[in-house]
Amino acid sequence: MATESSEGEEEVKLTGGNQVLMVDDDLREMGKKAAWSVSSCKPGNGVSSLRDDNLDSYWQSDGAQPHLVNVQFQKKVKLQLVVLYVDFKLDESYTPCKISIRAGDGFHNLKDIKTVELDKPTGWVYISLSGNDPRQTFVNTFMLQIVVLSNHLNGRDTHVRQIKVYGPRPNPIPHQPFEFTSREFITYSCIR
């Protein structure tokens, strides 16, 4: 169920979650090219816990809401999908309930692009960054901010176990529908 808000952002309600992370082959994980930071954290549960590929560790915020995860890139990148691992069965009131995704050039001009409500999720939750226009399949940005607006059962701090950010895999040769994977094939890919 998606509803349009007055500011042009899309609001979506998601239920459930997948136990196995499944992403299309035409997407690549972009998080390793970014600088990650969080608004607050408990000692031992910092930003590194979001990126360690361990579902038993988690980032735990420490302070008043909203809780922020900032993903900053050195150059403008195309982003298409944000995937979070949350577990209501383990984390209960620490589980995020309402999440907003913001994008922009930096902290000074972030705009809400998507707001998602989660209903007792357990597993990987997929948040597409594509807009209402079918031609708008990705967001071109320097910075992405994931904002936890509220938690289940009115919890104060939040637990997020993993976050992955995906963008389209670039085609090394423009205007060509297929990709050459080796350097040798790329050398002979065009006719002189």
Could you pull out the closest heavy-atom pair between N151 and P96, with the gap in Å? OD1-CA, 3.5 Å

If you apply the rule side-chain contact (heavy atoms from CB on, under 4.5 Å), what do you find for K114 with V82, and how did you get there? CA-CA 11 Å; K114 189 80 87 167; V82 174; over 6 Å; no

Rounded distance (nearest 0.5 Å) linking atom NZ of K98 with atom CD of E117: 5.0 Å

Between the CG atom in L129 and the NZ atom in K78, the distance rounded to the nearest 0.5 Å is 14.0 Å

Kindly say whether L27 contributes a backbone atom to a donor-acceptor pair with the side chain of R169 at under 3.5 angstrom? yes

Would you say S61's side chain and T158's backbone share a donor-acceptor pair under 3.5 angstrom? yes

Does F107 form a side-chain contact (heavy atoms from CB on, under 4.5 Å) with R102? I'd like the steps, not just the answer. CA-CA 10 Å; F107 289 102; R102 299 174 182 162; over 6 Å; no

With D53 via side chain to side chain contact (heavy atoms under 4.5 Å, CB included) - residues at least two apart: Q162, K164

Are L50 and L68 connected in a single hydrophobic cluster, I mean Ile/Leu/Val/Met/Phe/Trp/Tyr linked by side-chain heavy atoms less than 4.5 Å apart? no

According to a 4.5 Å side-chain heavy-atom criterion applied to Ile, Leu, Val, Met, Phe, Trp and Tyr, with indirect links allowed, do V147 and V116 form part of one hydrophobic cluster? no

More than 12 foreign heavy atoms under 6.0 Å from CZ of F88: is that the case here? yes

Students often mix this up, so state it plainly: with edges at 30° and 60°, are the rings of H67 and W59 parallel, tilted or perpendicular? perpendicular

Under 3.5 Å, side chain of R28 to main-chain N/O of G167, donor-acceptor pair present? no

Indicate the atoms forming the closest heavy-atom contact of G104 with L110, along with that distance. N-CD2, 3.6 Å

D62 side chain vs S40 backbone, donor-acceptor pair below 3.5 Å: no

I'd like to know if Y94 and Y85 are part of one continuous hydrophobic network [Ile/Leu/Val/Met/Phe/Trp/Tyr, side-chain heavy atoms within less than 4.5 Å]. no

Using 0.5 Å steps for rounding, measure from the OG1 atom of T95 to the CG atom of D119. 11.5 Å

Please check this pair: side chain of Q19 against backbone of T122, looking for a donor-acceptor N/O pair closer than 3.5 Å. yes

Interatomic spacing from CD1 in I127 to CD1 in I113 - rounded to 0.5 Å: 10.0 Å

Counting C-beta onward and ignoring hydrogens, is there a side-chain heavy-atom pair between W124 and L55 closer than 4.5 Å? yes

Which residues pass the side chain to side chain contact (heavy atoms under 4.5 Å, CB included) test with A34, not counting sequence neighbours? W36, V71, F73

Where the side chain of D87 meets the backbone of G123, is there a donor-acceptor pair that is under 3.5 Å apart? no

Considering residues, nucleotides and ligands other than N140, do more than 12 of their heavy atoms fall under 6.0 Å from its CG? yes

For the atom pair OH (Y126) and CG (N18), what is the distance rounded to the nearest 0.5 Å? 4.5 Å

Looking at D56, is its backbone amide N or carbonyl O close enough to the side chain of N54 to form a donor-acceptor pair, meaning the two atoms are under 3.5 Å apart? yes

Could you tell me whether the side chain of E29 and the main chain of V165 form a donor-acceptor pair under 3.5 Å? yes

According to a 4.5 Å side-chain heavy-atom criterion applied to Ile, Leu, Val, Met, Phe, Trp and Tyr, with indirect links allowed, do M143 and V148 form part of one hydrophobic cluster? no

Nearest heavy atoms of P66 and L149, plus distance in Å: CB-CD2, 4.3 Å

Looking at S93 and G155, would you say the former's side chain and the latter's main chain have a donor-acceptor pair under 3.5 Å? no

I need the H159 NE2 to L90 CG distance, nearest 0.5 Å. 10.0 Å

Only counting residues at least two apart or in another chain, list the ones meeting side chain to side chain contact (heavy atoms under 4.5 Å, CB included) with D105. K76, H108, N109, F142

Taking the side chain as everything from C-beta on, heavy atoms only, tell me whether D91 gets closer than 4.5 Å to V86. no

Shared hydrophobic cluster, Y58 / I99 (ILVMFWY, side-chain heavy atoms < 4.5 Å): no

Under 3.5 Å, is there a donor-acceptor pair between the N70 and S37 side chains? yes

